Each structure stands twice: as structure tokens, then as C-alpha cells.
Amino acid sequence: MLDIQNLSIRFTRYTFGLKKKEVCVVRDFDLSIAPGQVMAVIGQSGAGKSLLAHALLGILPRNAKVEGRILFKGKPLTPERLSALRGREIALIPQSITALNPLLRVGVQVARAARLSGISKKDVPTTVRRAFSRYLLRKEVAHCFPFQLSGGMARRVLTATATVGMADLILADEPTSGLDPITAREALTHLRELADTGKAVLLITHDIAAALQVADMVTVFCAGTTVEVARADDFKGLDQLRHPYTRALWDALPANSFIGTMKPIERTSDAAGCPFQPCCNDQNTVCGQSTPELKDSGEGRVRCHHA
Amino acid sequence: MITQFLLVKIFRLILLIAAVATLSFLLVSSSPVNPVDAYVGTAMLRISQDQREIIAKRWGLDKPPVERFGRWAGQMATGNLGVSTIFNEPVLSVIGKRFVTSFWLMALAWSLSGALGFGLGLIAGAREDTLLDRGIRLYAYTMASTPTFWVGMILLMVFSVSLGWTPVCCAWPPGLSAEQATLWQRLHHLLLPAVTLSLIGIAQITLHTREKTIEALRSDYAVFARAQGESIIGIVFVRALRNVALPAVTLQFASLGELFGGAVLAEQVFAYPGLGRTTVEAGIRGDIPLLLGIVLFSTIFVFTGNFMADLIYHLVDPRLRKTAGAIS
């Protein structure tokens, strides 16, 4: 469904008046998802995960530059193709319920999303009604304004808005952040259901435990790069995990050792070497000299000189 | 809920009028204007000191200020604002007639500046940092820092004196009365003062709408809308129009005070016989009853503007409307 190779996202900033400076937020990012799959992208908060979703939709700010190969359904995803697919075949479930316009009725917003996804005007009401009932939203909710909904309801409205157009690729950006466990569980179940109907779901989150509940595969995102691709099952034990960063994340889980030994990783611009090197316990001279390639390892992949 | 809202507003209006009345009475009594001199005017030399004292006594000017204020406030409360000395007519009827003339000027300028300013603001915001946006901003900043009377004089020089397209003065052709003038003639005379007023008024509403549009385009809901395939134009005109228009309407109503102030200057430049010009005349010629009357009238006028802004917000914003409904 989606195949990303060597994706990089750069921002041009002006420092001291007219001096241009390029900041590289994501580089050498690889990812692939098949239909029917939930692929989790996990990484620390602020690692640029949301930018990934925005890059895939082509809605980054104007000063951003995206490079790399993105194949969607086997064909390159050019900006022109993307603007035709956005909202029709690729949809976003946003991070926060502020993504609903506070001054428009919920039903109007879902209907607009349906219309934009290419559904004909006369079919919109039926489609919207179906989307509402799919997520157990009563008919009356359509006449509500967002401030009249509970947090869980608002999240279901967001999911309904994103899925009303039956997109094949769903990007869920931190769908569980700020939710109580029951509501979070419900949101994740909805993603699993979508995948089970044959859609590809990209679940972007910093919450590993939540992601593992529903994901088939996990891409570990560190300092803007893919460091490991693993099956969700690999997270059952430490020895199945390939990269020291993944193991450190696993160790930090409350259910495991619950130890956080890592300091946050600062991106040291375009310097050579392994991105994880400053925090790694297993490093030697080669780690500082060259960036490791992403290589196949069992059913997953890993980017480490020692794996 | 709505009755409570109205009661609070009416109570505030009464307080405001009391405060404005006290303050302006204080200012007028300590000003060097002598109402008797102003009344007598050019006949000053033919009137003896005794006669002046008779007038002063008749008007109660020999009484202490507190008592004078009490009598004036009492009369005012019954709706009697006195008689204008320059027009020799009750103050209320002078204000009524002049306001009608001013009203068309202000209404035209207000709706022109509101519609154009809002439109320009939307365009500038949607096309942020393009040449178009820069041009609109340059215009707005220039107009925001230009005095009304100066714009009026420039327009007068260009369109009335050089090109001769518009009349040089007044609200209708000289020699005719207001009733004799045709609608077309009146509109023709209204055009230039109204354009002057709205050119200036556009600036504020444009800059405000531009900010709100940019804010809306950067909001989470706009990002989500773009992810659904919405274009920038779609976001501005379908999604965010309400979010941008609501504060703009409020601002436009709240700017009635500035509109009134602008009208005073514009009417003076174009010799347009509205309330603004009357204010200047009353001030210069020491017509104290008329001046106080106009002060009170403009207080109510500006208050009404702010009140309308509040009311519209309550009626249009669903967040306020629904809570109001829930309580009542």
C-alpha cells in the first residue's frame, strides 16, 4: 500500500536576518505498510512523528522540503497526485479534538469531509448517517457543536470524519494522547477494525504499550530515522529486539524494568555516525564514523553496526 | 436570561449617562464660555449690564453650581434638553434633524468600510506574504496613520476642484431645502464624505480580519480540513468564515465611536450639515445646551454600538447561545 524509502524532511529557517539555515528533522526514514495491517511508528515525543503524517499528506508548512521515494499503491506519490488523493484515499485522524471547528455543527463538518472525498451530493446524508452509526454516535450528535461533546465522543467524531470517505490509508496521529484508558482502548479498537476491513493503518504514537495492543508491526523512530522494524510479537521479550534504542524503550515500560537510562536525543545536524551513538552503551569507534545501513534481520529490519 | 442581560445593560447605560452628564457639566461650568455672551452675540454693545443680569437671572445663572446642575439634570430626566441658542430651536429637534443627515453618511461609510475591509482582510490573510497581501497591508497602515480631514481635503481637491465630478460642499445643492433636493442629488453630495470616512475605517477592519484569517488558517481545524483535501480558499470561505466574521462584526459595531469622531472631521471639511458639523458650531459659538445635548446623544450612540456588538455575539456564537439557553 505504502512504501517509503530514505524520506527526509528539512526546514529552511532564517537566522540573523537573511542568513538561511537548514534544519533536518527527519532523514533516512523507511517504512512500508500492507493492506490490512496496523503499522505503529513509535518514538519519543518531539521526534518529528507528526511531521511524518503531515508530509505524507503534503500539508507541511511552505518552508519544508521533502525528499525521498514514496510509493503509494505502487506509483510514486508526487505533489500533484497527492493533492488529488488527500482526503479521498489517504485520510488523517488528528491528534487533538481542537481539530474540530468550534463554531460549526459536527454533522456539517463530517458532511463536508464526505463531500471532499468525492461522494456525490445526494449520497452525502446517507454516508454521514452510516459513519455516525458505525461509531455509535446518535443522530442528534450531528446537530451539536464540538463543545457539547464529551472527549470520547469528540474522538469518535474525528474518526468518523476521517473514515467517512473510505480512504485506503489511514494516518492516526497520537490517537490516544490525553484519553482515559477505556476511551483510549476504544480508539485503538476502531483502528484495528479499520485494518481488519482491509485498510492500511499507520499508528503514530509515543505510547508503546498502547500501540502493541493493536499493531501488527512496529517501526521504531529515533532522531528522525528508522532504527528498527519489528513484529509486535518481538516486544514480548528483550532478546527478540534488535536495536539498543528499542531495548532501552522496552526497559522503560512500567511492566518491565521501568528504568529510564536515556537522555533525550538531540539531533546533531548532519554529522556522520550512528544517530543513536551519543546515548548508546554498546558503541565503539565505527559508530562515530559512519551511519549504519538499514538491513534485514529475521522478519524485521535494523540499523545498527552491531546487530 | 435575555431579560437579565437587558436589565444589566440598561442599568449600565443609566450609570454611564449620569457620569457623562456630571463630568460634562463640570467641564462646561469651569470653561471660559459665558452663556449670556454667547446668546447675545454681536448685539453685545447694544445691551446694558442690567439687561445681561436680567437674562442671567432668568436662566438661573446667579444660583450656585450644584443647584444649577440639579435643575438641569431634573429637566433632562423629563426629556427637556433646553433650547439651542444658535438655532433658536429645542435641542432635541436640532439633534434629531441633524442626526438624520449624518445617519446616511455614517451608515454608507460604515457599511462600505465593513464590507470592503472584511473582504480585503480575508484576501490578505489567505494570501499571506504575497505581493497582494503586502499591497493591502501597505494601504491599511497608510490609512491607519492618516488624519481624516487630510484625506477629505485631498479628495476634495482631486474630485471636486480639479475633476469637477462631485460637489464642493453641503448635503444638497445650495439654494434648495432638504425636501426639494432629489435622492440622486443627495447621494451625489453624500458620496465624497462617505468615501473619506470609509477609506479610513477600512484600515482597522482589514488588519483585524487579516490577523484572524491567518490565525484560523494555522489552527488545528484548518490543518485537519487540509488533510481532508480542502483548499485554502475552501478553508477561508467554507470552514473559517464564521470564526473570522464573528469578531469582525463585533469590532465594526464597537467602532461606532470612531465613526462619530471621524464624521465630525469629515463633515467639517465638506461643510456637510450633519451632527458632526453642528457639534463644532455649538462648541465654537458657545451653545451650551446644544453641546451638552450632543455629548449625551453621542454617549447613547456609542453605547448602542457596543450593545449591538455584545448582543450579536450572544445571538451568533453557539457557545454563548447554548449556555444561555441551558440556564433560562
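Because the structure is predicted, anything quoted here is derived from the model rather than measured. Reminder, nothing fancy here: chain letters follow the sequence lines and each chain counts from 1.
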| task | Select one option (side chain, backbone, both, neither) describing which atoms of A:Leu57 are under 4.5 Å from chain B's heavy atoms. | result | side chain
| Is there any side chain to side chain donor-acceptor pair (under 3.5 Å) pair reaching into residues 228-240 of chain B, and which pairs are they, with sequence neighbours excluded? | A:Arg112-B:Glu230, B:Gln228-B:Arg239, B:Glu230-B:Arg239
| Where B:Ile123 and B:Ile136 come nearest, the two heavy atoms and their spacing | CG2-CD1, 4.2 Å
| said: Between B:Trp110 and B:Phe253, does the ring-ring contact (aromatic ring centres under 6.0 Å, His included) criterion hold? Intermediate values first, please. | reply: CA-CA 9 Å; B:Trp110 186 78; B:Phe253 272 101; 5.0 Å; yes
| task | Using the six-membered ring wherever Trp is involved, compare the ring planes of B:Phe301 and B:Phe260 and label them parallel, tilted or perpendicular (cut-offs 30° and 60°). | result | tilted
| task | Return the option, out of A:Leu100, A:Asn101, A:Thr98, with the maximum number of heavy-atom pairs under 4.5 Å with chain B. | result | A:Asn101
| query | Salt bridge check: are A:Arg155 and A:Glu186 linked by an N-O gap of less than 4.0 Å? | reply | no
| task | Pick one of side chain, backbone, both or neither for A:Leu158, based on which atoms fall under 4.5 Å of a heavy atom in chain B. | result | both
| task | Side chain from CB out, backbone as N, CA, C, O: work out which of these in A:Ser83 comes under 4.5 Å of a heavy atom of chain B, or both, or neither. | result | neither
| query | Of the listed residues (A:Ser96, A:Pro102, A:Ala91), which shares the most heavy-atom pairs with chain B below a 4.5 Å separation? | reply | A:Pro102
